[in-house]
Student: 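Can you keep this structure in mind? I'll have questions shortly.
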Amino acid sequence: MAAHNVFSVMLDRVRNASDALVAAGVLPAGIDLSRVTVEPPRDPTHGDMATNVAMVLAKEAGKKPRVLAEAYAERLRADELIAKVDVAGPGFINLTLKPSAWLGALRSAVQHGSDFGKNDLGRSATVNVEYVSANPTGPMHVGHGRGAVFGDALANLLEFAGFKVTREYYVNDAGAQVDVLARSAYLRYREALGEDIGAIPEGLYPGEYLRPVGSILATEFGDALTKMREDQWLPIVRDEAIKQMMATVRDDLASLNIAHEVFFSERSLIYGNVDQVAATIEWLRMRGHVYEGRLPPPRGALPEDWEDREQTLFRSTAFGDDVDRPLKKSDGSYTYFASDIAYHRSKLEHGFHTLIDIWGADHGGYIKRMQAAVAALSDGKAELDVKLVQLVKLLRGGEPVKMSKRAGEFVTLREVVDEVGRDAVRFMMLFRKNDAPLDFDLAKVIEQSRDNPVFYVQYAHARGHSVFRNAREAFSDLPSDVKGWLEAANTELLSDPAELALMRQIALYPRVIEGAAVAHEPHRIAFYLFDLASEFHALWTQGTASPHLRFIIQNDRELTLARLVLVQGVVAVLAAGLAILGVGAPDEMR
RNA sequence: GCGCCCGUAGCUCAGCUGGAUAGAGCGCUGCCCUCCGAAGGCAGAGGUCAGGGGUUCGAAUCCCUUCGGGCGCGCCA
């Protein structure tokens with residue numbers, strides 16, 4: 001395992017100390033250590049790490065926190081990685097580590113490169129991450145892009161944390177919207193045959209992106225479709241339109257380097273050999289989770305066409321939802337929810353026990369019922385986590401970019417990617433918590449300044465490589481590869497406080513990965529990388545005022561070599577983190 | 001009316017699932033290039049963490065409540 005997480009190493013030391021104290025009769029046997037943490041203190045003057053162990057265990061041990069802390073301190077002082085132990089405040093134990101601890105992390109980062117920080121949190125458990133799932137009725141817009149990038153980065157992250165991840169896309173090709181798509185495409189088809197179709201009627205998709213579909217249909221069928229009744233041509237046109245739209249979607253995703261392993265068709269659930277939706281409802285009914293009944297009317301203003309009637313309901317209240325949910329519309333067709341249940345059942349049948357769905361924020365009200373359904377389907381054995389992705393507000397130089405979806409002229413994801421590049425889009429989408437709204441400024445993300453975090457982080461990586469280039473010029477006899485540096489370097493020469501600070505930051509990385517993976521929050525990596533880049537730029541600039549801190553020291557090959565290892569540590573972590581985010585790490589940015 | 005998300009510096013946002021004196025960037029003030037990339041860095045000013053209660057050794061973080069914003073509340077997906 002390439003983790004080398006200094007914090008978990010120290011946590012183990014604390015646990016060992018606990019065992020010793022139990023053996024010595026200071027602590028009662030079987031004491032609960034689950035709340036014990038070792039973490040970096042907010043205030044660096046408190047040392048490198050702090051543990052709450054004495055405060056957490058004080059009550060159970062029947063001792064004062066500070067007294068207990070002293071007992072721990074005595075044991076920890078003997079540890080070969082620890083330089084100093086202080087008991088502070090209400091009972092914190094502050095640890096200052098020896099430089100060798102940080103050097104260990106640095107060497108590990110250099111040695112493992114892009115594998116540094118990997119862990120086995122997942123223990124090869126399978127996870128299904130479903131994301132994007134945009135309707136196949138048009139090109140993707142920027143909001144879809146955020147869910148796409150988020151889902152993809154999360155999938156990468158979970159893989160890095162030892163899960164076996166399946167990336168899945170749910171194709172909504174069975175609802176009324178694909179019939180609308182078919183009718184819209186049919187108009188474009190007639191247009192392609194030379195007919196004047198006039199304005200696109202209300203209720204159809206007016207976008208020009210359907211013109212190519214019309215052309216394809218015209219080429220393939222000539223005017224044959226015009227001689228058919230709607231119920232005859234509609235399935236033909238619909239299937240072709242969906243095929244074309246999905247090709248567009250895949251293209252758009254590819255522009256962001258996103259590729260799903262599974263595209264699951266909603267249509268296949270209903271129109272396959274077996275009606276899976278009906279089967280699922282039946283399955284639930286047999287277990288008492290589905291019944292015929294009435295629903296209380298919604299509070300407040302009633303919908304115009306509200307009528308009280310008996311209907312098929314899923315007993316989601318038995319699983320924590322607020323009301324039971326209808327599975328059939330008044331015309332007898334399934335609700336979206338019904339096919340969604342069947343879809344999630346199919347995921348379970350494919351062996352997944354951990355499901356993650358990425359949805360737009362407007363679907364927030366849907367979470368409880370879907371989790372209820374998964375609980376009912378799996379007997380509480382499977383878990384569904386739904387991550388909501390908030391809206392993206394597109395700006396240019398601080399001014400909102402106008403888009404009118406009604407006229408069919410919205411800013412597409414593709415346009416944005418083409419304008420500012422994949423890296424900028426991906427990084428910016430991840431430089432925010434998923435459930436916080438995001439302002440995306442097209443002017444700012446291509447700026448080359450600290451304002452622009454994408455640039456700032458990539459620049460740090462490029463700067464690192466610039467050091468390597470210059471070093472090779474200064475010393476023609478450097479080992480050819482990083483491994484050689486590591487073998488040849490005397491890293492103990494790295495003893496300046498600024499260098500140690502940078503090593504501490506590097507050592508933090510495995511911990512950040514772990515936290516991000518547990519919380520399903522890839523944005524933490526983006527913020528961490530920004531901090532790491534900042535530390536690196538700071539050390540760099542110190543070299544102008546204090547030449548002895550420069551990475552390359554002309555007449556000191558040994559020191560230079562040690563510092564190259566340090567820079568390589570930064571570069572390796574930057575590249576590794578960016579790789580998880582799916583962002584490039586350029587060697588040069590001139 | 002109910003549910004979910006949110007409210008942190010003038011602005012845009014972090015805050016490591018409960019830790020010590022709450023942090024960045026922008027903007028403002030003042031500095032640092034005989035330069036390994038100044039496309040950078042350093043320092044300063046700026047906060048009742050929306051308000052009020054509670055839980056405990058300890059709360060921006062958890063619970064309750066009020067206010068304020070966003071989203072959703074059969075037959076749209």
Student: For the residue pair A:K368 and A:D322, establish whether any side-chain heavy-atom pair is separated by less than 4.5 Å.
Tutor: yes
Student: Heavy atoms within less than 4.0 Å of RNA chain B: which residues of residues 543-557 of chain A have one? Give them sorted by number.
Tutor: A:G543, A:R550, A:F551, A:I552
Student: Go ahead and name the base partner of B:G23; Watson-Crick or wobble counts if both distances stay under 3.5 Å, otherwise write none.
Tutor: B:C13
Student: Say we look at B:A77 and B:G72: how far apart would their P atoms be, to the nearest angstrom?
Tutor: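 Approximately 16 Å lies between the P atom of B:A77 and that of B:G72.
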Student: Write down the atom of A:G117, the atom of A:F160, and the distance for their closest heavy-atom approach.
Tutor: C-CE2, 3.5 Å
Student: Atom CD of A:Q390 and atom P of B:G70: how far apart are they, to the nearest Å?
Tutor: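 Between P of B:G70 and CD of A:Q390: 12 Å.
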Student: Quick one: which of B:C13, B:G58, B:A24 gets closest to the side chain of A:R35?
Tutor: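 Ranking B:C13, B:G58, B:A24 by closest atom to the A:R35 side chain puts B:G58 first.
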Student: With respect to the side chain of A:Y336, which nucleotide from B:A77, B:A14, B:G74 is positioned closest?
Tutor: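 The answer is B:A77, which lies nearest to the side chain.
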Student: Write down the distance between NZ (A:K387) and P (B:C4), rounded to a whole number of angstrom.
Tutor: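 Atom NZ in A:K387 sits about 17 Å away from atom P in B:C4.
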Student: In this structure, how many angstroms lie between the C1' atom of B:C6 and the CG atom of A:L391, rounded?
Tutor: 13 Å
Student: Return yes if the base of B:C16 and the side-chain atoms of A:R511 contain a donor-acceptor N/O pair under 3.5 Å, otherwise no.
Tutor: yes
Student: Please report, rounded to the nearest Å, how far the C1' atom of B:A60 is from the CZ atom of A:R42.
Tutor: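 Those two atoms, CZ and C1', are 9 Å apart.
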Student: Round to the nearest Å and state the distance from A:R66 atom CZ to B:A20 atom P.
Tutor: 16 Å
Student: Now, which nucleotide makes the Watson-Crick or G-U wobble pair with B:G3, with each of the two distances under 3.5 Å?
Tutor: B:C71
Student: So which atom in A:V570 and which in A:I506 form the shortest heavy-atom distance, rounded to 0.1 Å?
Tutor: N-CD1, 3.7 Å
Student: Could one point to a donor on the side chain of A:N94 or the base of B:A20 with an acceptor on the other under 3.5 Å away?
Tutor: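 Check passes, donor-acceptor contact within cut-off.
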Student: Among A:L57, A:N52, A:V53, whose side chain to side chain contact (heavy atoms under 4.5 Å, CB included) with A:M55 holds?
Tutor: A:N52
Student: Assuming nearest nucleotide by heavy-atom distance, tell me which of A:L539 and A:G175 is located more 5' along RNA chain B.
Tutor: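 Looking at RNA chain B, the more 5' nearest nucleotide goes with A:L539.
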Student: Residues of residues 318-326 of chain A with any non-hydrogen atom less than 4.0 angstrom from an atom of RNA chain B: list those, numerically ordered, please.
Tutor: A:D322, A:P326
Student: Could you state the CG-P distance from A:L561 to B:C36, rounded to the nearest angstrom?
Tutor: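 Interatomic distance, CG of A:L561 to P of B:C36: 20 Å.
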Student: In this structure, is the centre-to-centre distance between the rings of A:Y169 and A:F264 below 6.0 Å?
Tutor: no
Student: Just the rounded figure in Å: distance from P of B:C73 to NZ of A:K368.
Tutor: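 Computing the A:K368:NZ to B:C73:P distance gives 15 Å.
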Student: RNA chain B: A:H537 or A:E266, which has the more 5' nearest nucleotide?
Tutor: A:H537
Student: Please give me the minimum heavy-atom distance between A:A474 and A:Q554, naming the atom from each residue.
Tutor: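 The answer is CB-OE1, 3.8 Å.
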Student: Any side-chain heavy atom of A:L327 sitting closer than 4.5 Å to one from A:I341?
Tutor: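 Yes, side chains in contact.
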Student: Taking atom P of B:G25 as reference, at what distance in whole Å does atom CZ of A:R432 sit?
Tutor: 15 Å
Student: State the pairing partner of B:C42; accept Watson-Crick or G-U wobble contacts with both distances under 3.5 Å, and report none otherwise.
Tutor: B:G30
Student: Among the nucleotides B:A14, B:G37, B:A77, which one has an atom lying closest to any side-chain atom of A:F527?
Tutor: B:A14
Student: Please pick, from B:G40, B:G19, B:G37, the nucleotide with the shortest atom-to-atom distance to any side-chain atom of A:S466.
Tutor: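 Of the candidates, B:G37 comes closest.
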